[in-house]
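Everything below concerns the one structure shown next.
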Protein chains: 2
Amino acid sequence: MAIIHQFPGYLIRRLHQLSVSIFTQRTQEAGFDLTQLQFAVLSVVDENPEIDQAKLSILVDMDKVTIGDVVSRLETRQLIRRLIKTSDRRARTLTLTKSGKALLRDVQPHVIKIQDEILRSLSPEERFNFVSLITKACRPSD
Amino acid sequence: MAIIHQFPGYLIRRLHQLSVSIFTQRTQEAGFDLTQLQFAVLSVVDENPEIDQAKLSILVDMDKVTIGDVVSRLETRQLIRRLIKTSDRRARTLTLTKSGKALLRDVQPHVIKIQDEILRSLSPEERFNFVSLITKACRPSD
DNA sequence: CGATATTAGTACGTATACGTACTAATTCCG
DNA sequence: CGGAATTAGTACGTATACGTACTAATATCG
């Protein structure tokens, strides 16, 4: 077997690839056209109405350029409303539209189910351990 | 905190992002211009001289289109030689050039060091557990 | 042997993902 | 208050990442 298959960096990429693939397949099977990141954005905007893109990009851990692209696509699909912020004309406030809210509500139960499927090769106990380890690993070193 | 921050799918993306970021930073600091995937391709081609792109794409778990792009860039940079396979004129055999071999040799120690840094927030014992869990998680369910 | 199916690779399109450079707006501070 | 620094967002470029459709070459099977 190739050496790289033992590298954490490689394994992380592989699992991410698997995770994205399962997400895309399952949501499409359920009749939705939504990526993982688009879901994350809808979810965070729902929790934080009138959030601006800079704060959003921090909450979803994504750079502002990528967020701009994603939001732009969601705006085109009329899932998000983007308005110039009155108190700071550089910023744009984001809010879900009615159909954005409806889509989020409908897709949420599927996404939750998908989370278990992503770790389906692990036992419940292993899943718990894995999530707690990866949560710690994601924290910037102190 | 946002709900998504507890989803395995989100945590996996976040860690992957961190992993890629560390890889890129450290290799650039060391004077190399190489992505994670380009390293993986060089590494596997080194271990399997005259491999074709189809087999390579399986060994690095990447679809053939992406591999075609990556190999094409590595060929342009003269790190990989690509020749039409005589026994099967559809296929292309891949071999590292002298500079490809040299680059791989020089960058390898850095990449190995980077693997530890990716999991720097975990203790040695946690790292061991994490690697064994993620290895299991990457296996397709049976 | 020859029609059909499969396979290797490429072309094209879409969506991340992010660095750098840019504009416009706001803040900071002397 | 006004110039300098900072910030929000966009434009542009590059590199994954992969689906679909295509061509060319090989394999399969009646």
Side-chain angles (χ1 to χ4, degrees), chain A residues 9-10 12-25 27-29 32-41 50-58 60-77 80 82-94, chain B residues 9-10 12-25 27-29 32-41 50-58 60-77 80 82-94:
Chain A
Y10 180 83
I12 291 163
R13 166 168 79 72
R14 178 83 187 100
L15 186 59
H16 176 242
Q17 190 180 35
L18 238 146
S19 160
V20 169
S21 155
I22 290 172
F23 186 98
T24 307
Q25 258 178 259
T27 49
Q28 271 182 10
E29 281 167 10
F32 299 96
D33 176 25
L34 206 68
T35 67
Q36 233 186 4
L37 182 54
Q38 288 169 0
F39 171 80
V41 166
E50 307 205 8
I51 191 175
D52 59 61
Q53 291 183 201
K55 290 196 194 74
L56 173 60
S57 78
I58 291 167
V60 298
D61 295 301
M62 201 60 58
D63 74 303
K64 57 183 183 170
V65 180
T66 303
I67 285 307
D69 287 346
V70 174
V71 166
S72 179
R73 276 186 286 274
L74 293 173
E75 190 189 24
T76 302
R77 289 171 61 189
I80 277 190
R82 173 158 51 170
L83 298 170
I84 293 175
K85 194 170 183 174
T86 44
S87 61
D88 183 347
R89 295 175 42 73
R90 290 171 306 182
R92 309 277 183 272
T93 64
L94 307 174
Chain B
Y10 180 84
I12 291 163
R13 167 168 80 69
R14 178 83 188 102
L15 186 59
H16 176 242
Q17 191 180 35
L18 238 145
S19 161
V20 169
S21 155
I22 291 172
F23 187 98
T24 306
Q25 258 179 258
T27 49
Q28 271 182 12
E29 282 167 10
F32 299 95
D33 175 24
L34 206 67
T35 66
Q36 233 186 4
L37 182 54
Q38 287 170 359
F39 171 80
V41 166
E50 306 205 10
I51 192 174
D52 59 62
Q53 291 182 201
K55 290 196 192 74
L56 172 61
S57 79
I58 291 167
V60 299
D61 295 302
M62 203 59 57
D63 74 302
K64 58 183 184 171
V65 179
T66 303
I67 286 306
D69 287 346
V70 174
V71 166
S72 179
R73 276 187 287 272
L74 293 173
E75 191 190 21
T76 302
R77 289 172 60 189
I80 276 188
R82 173 156 53 169
L83 298 170
I84 293 175
K85 193 170 184 175
T86 43
S87 62
D88 183 347
R89 295 173 42 71
R90 290 170 304 183
R92 310 277 183 274
T93 64
L94 307 174

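All values below come from the heavy atoms of this structure, side chains included, with hydrogens, waters and symmetry mates left out.
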Does C/dA25 have its OP1 or OP2 closer than 4.0 Å to a side-chain nitrogen or oxygen of A/R92?
no
B/Q53 side-chain N/O to C/dT7 phosphate OP1/OP2 under 4.0 Å
no
CZ/A/R92 to CD/A/E75 distance, rounded to the nearest 0.5 angstrom?
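A/R92 atom CZ to A/E75 atom CD measures 9.5 Å (nearest 0.5 Å).
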Rounded to whole Å, how long is the line connecting atom [atom1] of [X] with atom [atom2] of [N]?
X     : N      : atom1 : atom2 : value
A/R90 : C/dA25 : CZ    : P     : 10 Å
B/I67 : C/dA8  : CD1   : C1'   : 14 Å
B/R89 : C/dT10 : CZ    : C1'   : 16 Å
B/K85 : D/dT26 : NZ    : P     : 11 Å
A/D88 : D/dG9  : CG    : P     : 8 Å

Student check: side-chain heavy atoms of A/S19 and A/Q36 closer than 4.5 Å
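Side-chain contact under 4.5 Å: yes.
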Let me see the working for A/M62 and B/Q17 under side-chain contact (heavy atoms from CB on, under 4.5 Å), right down to the final yes or no.
CA-CA 9 Å; A/M62 201 60 58; B/Q17 191 180 35; 3.6 Å; yes
How would you summarise protein contacts on nucleotides 14-23 of chain C per nucleotide, using B for base, S for sugar-phosphate only and - for none, with heavy-atom distances below 4.0 Å?
-SBBBBB---
Aromatic rings B/H16 and A/H16: how do their planes relate, parallel, tilted or perpendicular, breaks at 30° and 60°?
parallel
Would you say the side-chain atoms of B/R89 pair up with the backbone N or O of B/S87, donor to acceptor, closer than 3.5 Å?
no
Closest approach of A/L34 to A/T27 (non-hydrogen atoms, all atoms of both residues):
O-OG1, 3.7 Å
Please figure out whether A/S87 or B/T93 has its closest DNA chain C nucleotide nearer the 5' end.
B/T93
